[in-house]
Amino acid sequence: MTLTKKIINSGDDVVDEMVEGLLLAHSGIVTSVPGSPRSIIARHGPRPGKVGMVIGGGSGHEPTFVGFVGKGLADAAAIGNVFASPPPDPILACAVAVNQGAGVLFCYGNYAGDVMNFDMAAEMAEMDGIEVRTVVTTDDVASAPRDQRHKRRGVAGNFFVFKAAGAACDLMLPLDEVVRVANLANDRTYTVGVGLSACSLPQTRRANFHLGDEEMEVGLGIHGEPGIIRQPLQTADAIVDDMLDRIFAEMNPQRGDRVAVLVNSLGSTTLMELYVMNRRVRQRLDALGVEVHATWVGPYCTSLEMAGASVTLMHLDDELTRLIDLPCDCAMFRAG
Amino acid sequence: MTLTKKIINSGDDVVDEMVEGLLLAHSGIVTSVPGSPRSIIARHGPRPGKVGMVIGGGSGHEPTFVGFVGKGLADAAAIGNVFASPPPDPILACAVAVNQGAGVLFCYGNYAGDVMNFDMAAEMAEMDGIEVRTVVTTDDVASAPRDQRHKRRGVAGNFFVFKAAGAACDLMLPLDEVVRVANLANDRTYTVGVGLSACSLPQTRRANFHLGDEEMEVGLGIHGEPGIIRQPLQTADAIVDDMLDRIFAEMNPQRGDRVAVLVNSLGSTTLMELYVMNRRVRQRLDALGVEVHATWVGPYCTSLEMAGASVTLMHLDDELTRLIDLPCDCAMFRAG
Amino acid sequence: MTYETPAFIAMFTAIARSMEENRDHLCALDGVIGDADHGIAMQQGFAAVDKALAALDAGQASPTDVFNTAAKSFLNAVGASSGPLYATAMMRAGASLKGKATASAQDVALLIPAMTKGISDRGKAQPGDKTMLDAWQTAADRVLALVEQGSPLAQVLTEAVAAAEAGAQSTIPMEAKLGRSARLGQRSVGHIDAGAASAALVIKAISESFG
Amino acid sequence: MTYETPAFIAMFTAIARSMEENRDHLCALDGVIGDADHGIAMQQGFAAVDKALAALDAGQASPTDVFNTAAKSFLNAVGASSGPLYATAMMRAGASLKGKATASAQDVALLIPAMTKGISDRGKAQPGDKTMLDAWQTAADRVLALVEQGSPLAQVLTEAVAAAEAGAQSTIPMEAKLGRSARLGQRSVGHIDAGAASAALVIKAISESFG
Ligand SMILES: Nc1ncnc2c1ncn2[C@@H]1O[C@H](COP(=O)(O)OP(=O)(O)O)[C@@H](O)[C@H]1O
Ligand SMILES: Nc1ncnc2c1ncn2[C@@H]1O[C@H](COP(=O)(O)OP(=O)(O)O)[C@@H](O)[C@H]1O
Ligand SMILES: [Mg+2]
Ligand SMILES: [Mg+2]
Ligand SMILES: [Mg+2]
Ligand SMILES: [Mg+2]
């Protein structure tokens with residue numbers, strides 16, 4: 001079997017070299033904790049009395065998570081190997097670095113590995129006298145039935161949950177309030193993704209699953225985990241309709257409601273395709289009389305070079321609207 | 001032969017549907033000329049006495065060109081079919097829409113089709129009493145020998161030339177000065193790209209060229225035009241070294257010089273890979289004592305879903321530094 | 001024999017059909033040394049022409065109107081290199097029929113040199129630059145020679161097709177000087193120019209339409 | 001027969017070698033229902049362990065030190081699900097040898113139940129959830145039964161391997177309840193769990209190292 005082609009030096013070094021390159025590129029916005037290069041912290045985030053917000057997870061989803069560190073967003077991100085949760089040490093280093101006495105929020109996608117490692121880091125932080133609270137994101141509608149929402153994966157909707165929670169921290173809300181906001185944001189955020197082709201890990205350079213030439217996988221995860229159904233590739237409109245039907249079934253949108261929209265590329269799906277999708281998203285929302293308050297289109301939560309896309313809706317209320325609108329200053333994200 | 005998979009409705013409609021979707025997503029920043037949907041104009045760009053700046057070219061390079069329309073950048077972009085120059089009409093509509101009496105700059109990549117269509121539009125604009133001046137970008141070092149720089153293609157370096165010229169317009173410089181700045185920026189901008197895999201047009205959904213499983217094409221164009229040499233895939237460091245050797249041979253960097261860096265994905269090459277490349281770019285510049293004033297990393301000038309990347313250096317002087325630093329407000333670009 | 005508006009509309013329909021059939025083939029040719037879209041440009045351009053002409057009132061429109069409408073719709077549908085080149089070609093062809101409600105056999109034959117002039121004026125290519133002009137110019141030269149000799153239209157067109165095909169084939173050993181493939185130098189040698197290949201097909205469709 | 005620090009270091013070297021050899025195979029298994037990285041995690045984790053242990057002063061370090069060093073280096077190299085699970089397993093194994101400079105054959109045999117306890121405490125999986133615990137628990141149960149009967153170490157380990165392999169195979173018809181494959185429900189049925197497959201290999205390497 002032929003190996004995939006990547007511009008890397010070695011699969012074993014790729015994460016460390018990526019971190020090096022990104023710290024150089026965005027040195028005005030982020031730096032790393034001395035002695036813990038995979039603990040990325042915002043230069044202008046933490047300040048006295050502010051709740052510190054630590055996000056993180058495996059690499060390979062860039063700009064998630066590293067790109068979302070900055071003033072008004074996350075104060076720190078702990079970076080793992082490709083598709084692997086970071087171990088507790090770099091998470092703890094983040095918590096220590098951003099702790100300003102007001103406690104720390106851990107916010108990350110709901111995966112067994114992340115939960116175990118972040119929980120270990122939380123225990124260690126508590127031993128250091130740092131109060132830690134955790135909110136895991138569970139926006140992937142396709143990943144478990146509605147009555148088991150807590151089992152769902154966190155995917156591109158991270159973007160909205162991090163934005164809202166980061167804004168709450170920036171507004172100097174206390175830890176309890178930040179946790180409430182993060183949970184509220186997560187509860188009101190819904191994502192469905194489709195995959196058109198596999199990605200390949202830099203260490204193996206082999207496709208991590210196989211899809212037929214004409215097939216797509218509906219509901220697949222951002223690590224290539226299988227979804228709920230494999231079917232022939234549809235048109236953009238049909239794909240979006242199916243995604244939105246699944247989201248609407250849960251969100252139950254009413255005329256006059258407001259949403260924020262994220263049309264996200266999993267990697268190699270182009271902006272051209274995403275904008276075609278966004279057109280359909282808007283048609284459907286218009287038809288329901290739902291107002292689109294803001295739209296983001298682009299590769300925000302990727303799965304290496306996977307082809308595919310996801311649509312996320314955040315069902316806004318007044319509080320979330322204000323939080324989403326609050327300016328922020330990170331390396332790869334534009335707000336407002 | 002199997003067709004590539006894309007999230008589209010039809011190859012014939014994809015450009016119009018993309019434009020629709022992007023106007024909806026970025027309605028605060030861009031709109032289109034009434035009756036000419038492929039003429040995208042900045043809501044807050046044109047103003048009395050300001051030189052109007054019109055960019056444009058084929059689709060398939062997003063966020064180039066549409067993403068670079070906004071205050072402090074281009075006032076308008078005319079959008080063609082995939083990989084095809086727009087015809088004169090939408091270009092003319094842009095010129096008419098942004099003309100504020102101070103003249104209009106046409107700035108676009110140097111391709112036969114673009115030159116013919118923009119020149120026809122310029123003639124038509126002149127007939128309408130609009131003064132038009134043209135600067136074509138020619139940053140692709142690999143596309144012609146040094147003594148035939150005027151024959152070179154314009155590729156990712158567009159980004160820097162547009163930024164500098166757009167800032168000059170925003171500073172209300174007169175047309176002559178804007179043209180001087182655009183030429184200066186172009187003369188000091190150098191790009192080399194490598195391709196790892198082909199892209200496919202939405203209408204044919206067939207790979208538009210063929211590369212072997214272990215091969216890369218050095219110097220290829222952003223439409224998949226062949227480059228200068230086809231060779232086995234190298235490491236990231238070796239690829240960057242080769243790119244920079246070609247750039248340095250022309251730029252002739254001196255200790256103490258200043259540059260802006262763009263590490264650009266042609267489509268499916270990931271941020272992870274680009275940051276690994278950026279690490280090497282910085283190592284090489286550090287070794288020469290060249291200061292990096294600013295770095296951009298990401299998909300800025302793509303070739304549909306092609307795998308590959310380019311490195312662009314802009315050899316800054318004080319004037320260009322100031323222009324590059326000037327804030328701008330477009331849908332997909334972060335300055336400063 | 002004389003030719004009126006419907007004959008020219010039919011000619012464009014024939015070209016459109018040929019481009020439709022050859023779209024992917026022409027894209028593949030363009031892919032070797034260019035950007036793989038030439039078939040799309042030609043197909044889309046002539047489909048737009050066909051559509052615009054179908055909307056024309058054939059009773060009212062002159063042959064010149066047909067060519068001008070074709071030029072405009074081709075250009076606006078396509079852009080690219082082919083757009084200005086073919087649009088100018090069609091405008092020159094239209095100009096050559098100016099004021100005539102009916103065209104003679106000779107008028108029809110001279111459309112090919114007129115179109116060639118348009119392509120040459122717009123693109124400023126030289127024969128030997130490895131462009132569509134290599135097909136058009138070879139055909140135009142042959143047409144002019146035969147018209148000079150007073151050859152019948154059927155013969156003129158048949159020989160024009162053969163000349164265009166030879167002109168297209170002649171681009172294979174050439175090094176590209178203009179257009180996207182210009183930067184390839186030696187690497188462009190050994191491949192036919194896509195624009196020259198489509199030119200031969202256009203001329204063939206014209207010939208069959210009047211044959 | 002008794003076992004000292006070098007024996008445990010050698011055991012980890014043997015595991016590391018096996019994970020190196022099986023990396024791509026384990027990734028492929030994980031790819032079917034997970035994220036295709038399990039082989040990398042195991043290879044990278046045990047390579048880090050091997051490296052950390054090579055830096056240890058074998059004259060100074062106790063068996064417990066070996067396991068604690070292994071736990072720490074595995075965890076920090078890997079993260080993921082495997083990191084906390086195996087790190088906790090190794091810490092429990094280290095604790096079971098606490099204060100002993102030399103370990104008895106029975107101590108060695110009881111490492112497997114100790115590690116299993118760690119995995120179970122950390123991951124809170126139940127047997128039947130289609131995880132690595134299905135291999136570890138089956139092996140641990142067999143070990144405890146044989147130790148109870150006073151069976152010799154060689155036999156205990158040989159049977160532990162067989163039990164682990166059976167436990168791994170038993171995951172094939174199971175529906176996943178935990179970890180990345182939990183959302184698959186029915187679609188996870190019919191495929192072996194990658195973590196269970198690697199667990200059998202780890203236990204095999206332990207067995208061969210002491211056999
Ligand atoms: N200056 C020129 N004069 C004549 N023909 C040209 C010129 N430049 C390009 N061409 C022709 O155009 C063809 C390419 O057309 P097309 O693929 O439609 O446009 P683009 O180059 O914009 O992709 C080339 O194969 C060549 O024959
Ligand atoms: N809670 C758990 N308890 C025991 N084993 C688990 C648990 N969650 C996951 N696993 C095991 O971990 C394996 C996956 O490990 P690995 O691929 O290294 O981590 P990740 O899931 O983070 O990619 C699964 O095959 C399963 O055997
Ligand atoms: Mg993983
Ligand atoms: Mg083209
Ligand atoms: Mg072309
Ligand atoms: Mg895994």
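Keep in mind the model is a prediction, meaning the values are calculated, not measured.
With sequence neighbours excluded, no residue forms a salt bridge (Lys or Arg N to Asp or Glu O under 4.0 Å) with A/K5.
Using a 4.5 Å heavy-atom threshold, the side chains of A/N110 and A/T137 count as separate. At a threshold of 4.5 Å between non-hydrogen side-chain atoms, the residues A/L304 and A/F83 count as touching. You'll find the side chain of A/D140 stays beyond 4.5 Å of the side chain of A/Y190, heavy atoms only.
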Output, in order, the C-alpha distance, side-chain angles, deciding distance and verdict of ring-ring contact (aromatic ring centres under 6.0 Å, His included) for D/F8 and D/Y3.
CA-CA 8 Å; D/F8 298 102; D/Y3 303 90; 7.0 Å; no
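Within the 4.5 angstrom heavy-atom criterion, atoms from both the backbone and the side chain of A/D89 approach chain D. Looking at A/I229, the atoms closer than 4.5 Å to chain D (heavy atoms on both sides) all sit in the backbone: N, CA, C or O. Proximity to chain D (any heavy atom under 4.5 Å) is shown, for A/D119, by neither the backbone nor the side chain. Contact annotation for A/V115: neither backbone nor side-chain heavy atoms come within less than 4.5 Å of a heavy atom of chain D.
Without hydrogens or angle criteria, A/S59 side chain to A/G80 main chain gives a donor-acceptor distance under 3.5 Å. For D/D134 (side chain) and D/A168 (main-chain N/O), no donor-acceptor pair under 3.5 Å exists by modelled atom type. Judged by distance alone, with hydrogens and angles left aside, the side-chain atoms of A/S39 form a donor-acceptor pair with the main-chain N or O of A/P90 at under 3.5 Å.
Scanning residues 20-29 of chain D against chain A with a 4.5 Å non-hydrogen threshold yields D/R23, D/D24, D/C27, sorted by number. Applying a 4.5 Å heavy-atom cutoff, the residues of residues 55-77 of chain D that approach chain A are D/L75, D/N76, D/A77.
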Under 3.5 Å donor-acceptor pairs involving side-chain atoms of residues 120-127 of chain D, not counting sequence neighbours:
{"unit_1": "D/D121", "atom_1": "OD1", "unit_2": "D/K117", "atom_2": "NZ", "d": "3.2"}
{"unit_1": "D/D121", "atom_1": "OD2", "unit_2": "D/R92", "atom_2": "NE", "d": "3.4"}
{"unit_1": "D/D121", "atom_1": "OD2", "unit_2": "D/R92", "atom_2": "NH2", "d": "2.8"}
{"unit_1": "D/D121", "atom_1": "OD2", "unit_2": "D/K117", "atom_2": "NZ", "d": "3.0"}
{"unit_1": "D/R122", "atom_1": "NE", "unit_2": "D/T88", "atom_2": "OG1", "d": "3.1"}
{"unit_1": "D/K124", "atom_1": "NZ", "unit_2": "D/D121", "atom_2": "O", "d": "3.4"}

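A donor atom on one side chain and an acceptor atom on the other are found under 3.5 Å apart for A/D139 and A/T191. For the 3.5 Å distance criterion, the side chains of A/H150 and A/T138 fail to qualify, holding no donor opposite an acceptor.
Residue A/Q231 is tested with A/M216, A/E214, A/E215 for a side chain to side chain contact (heavy atoms under 4.5 Å, CB included); the sole match is A/M216.
Of the listed residues A/R38, A/H210, A/M120, the one with more heavy-atom pairs under 4.5 angstrom with chain D than any other is A/M120.
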